[in-house]
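Have a look at the structure below, then the notes.
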Protein chains: 2
Amino acid sequence: MKNLDATFAALSDETRRAILARLMEGEARLSDLAAPFDMTQTAVTKHVRVLSDAGLLVVEKRGRTRHCRLNARAMKEASDWLSDYQSFWTQQFDNLAQHLTGSRTRRSK
Amino acid sequence: MKNLDATFAALSDETRRAILARLMEGEARLSDLAAPFDMTQTAVTKHVRVLSDAGLLVVEKRGRTRHCRLNARAMKEASDWLSDYQSFWTQQFDNLAQHLTGSRTRRSK
DNA sequence: TTTTTACTGAACCATTTAGTTGACTATATA
DNA sequence: TATATAGTCAACTAAATGGTTCAGTAAAAA
């Protein structure tokens, strides 16, 4: 899936994850999103563009402002991909727990 | 979380996701991992290094071979981060479903 | 109408990334 | 011992990334 490339890449930047976290509280204008960060609005606009290209948010033009809101689809796809591994890590943690509690002491080495 | 940067960045490459998928079937040597790809082993080694740095897999030196296996922790952290948004996308899909089925027609535009 | 606000676009820069090649080390095998 | 195998390391390249500045447009407010 080529789309997962864009989604995970978009999520790999702390600024962009903070933008998404902000949008959990609801819709925001570009300038509102930019305000908390120590960088130019142009830079934040680029981050928003990356998130938008990945389908993680939607930008709506309204007068002279741009309003952003979360878009669930892409994030769900990323989560679905990871969930394939869930059984694996659950089992791994179970093994660790068993090892720590000694509930299964018969181990080779 | 700085670690999430590395984890999501590592997951944003299809080759690396394929390597992780391969490791779901069990441990593999570096040369085994490299075989399916149309690139040099050096390139694959670099991908493995990225995955290792992100904590997504573990490399064990054994004789002249290197054996790789999945490491669940980092993947779980990424999944946990995404799960914060789960309620959001569930709700969004519910809204969509309601809209499509017309089960709640009274909507302000 | 003038000015401010919200944002865009192009050009530029430094750093990182994903790949290559070629020379090397270390371990098995014949 | 000689040779093949598994992998490392350094150097290089091209493209992508994350930031900047500056000039411009379009909408709202004075």
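Atoms considered below: every heavy atom in the structure, side chains included; atoms not considered: hydrogens, waters and symmetry mates.
- Using a 4.0 Å heavy-atom cutoff across all strands shown, T45(A) reaches sugar-phosphate atoms only and no base atom.
- A distance of 8.5 Å separates CE in M75(B) from CG in L57(B), rounded to the nearest 0.5 Å.
- Distances were taken from every side-chain heavy atom of T42(B) (C-beta onward) to each of dC9(D), dA11(C), dG7(D); the shortest belongs to dC9(D).
- The separation between D32(A) atom CG and dC7(C) atom P is 8 Å, rounded to whole Å.
- Taken from CG in L11(A) to CZ in R16(A), the straight-line distance is 8.5 Å, to the nearest 0.5 Å.
- If you check every strand for non-hydrogen atoms under 4.0 Å, R16(A) touches sugar and phosphate atoms only.
- Between the P atom of dT21(C) and the CD atom of Q41(B) lies a distance of 14 Å, rounded to the nearest Å.
- Atoms CZ and CG, from R69(B) and L23(B) in turn, are 10.5 Å apart once rounded to the nearest 0.5 Å.
- Nucleotide dG18(D) holds its C1' atom 14 Å from the CD atom of E14(A), rounded to whole Å.
- One can find a donor-acceptor pair under 3.5 Å joining the base of dA27(D) and the side-chain atoms of R64(A).
- Residue contacts shown for T40(B) include a base, since a base heavy atom lies under 4.0 Å away.
- Going from atom NZ of K46(A) over to atom P of dA6(C) covers 21 Å, rounded to whole Å.
- Atom C1' of nucleotide dA6(D) and atom NZ of K61(B) are separated by 11 Å, given to the nearest angstrom.
- Atom CZ of R66(A) and atom P of dT5(C) are 17 Å apart (whole Å).
- Between the C1' atom of dA16(D) and the CG atom of D13(B) lies a distance of 13 Å, rounded to the nearest Å.
- Below 30°, between 30° and 60°, or above 60°: for W81(A) and F8(A) the angle between ring planes is above 60°, a perpendicular geometry.
- Distance check, rounded to the nearest 0.5 Å: CZ of R66(B) to CG of L33(B) gives 13.5 Å.
- Residue-to-nucleotide proximity on DNA chain D shows that, of D38(A) and G63(A), the 5′-proximal contact is made by D38(A).
- The separation between L33(B) atom CG and dG7(D) atom C1' is 13 Å, rounded to whole Å.
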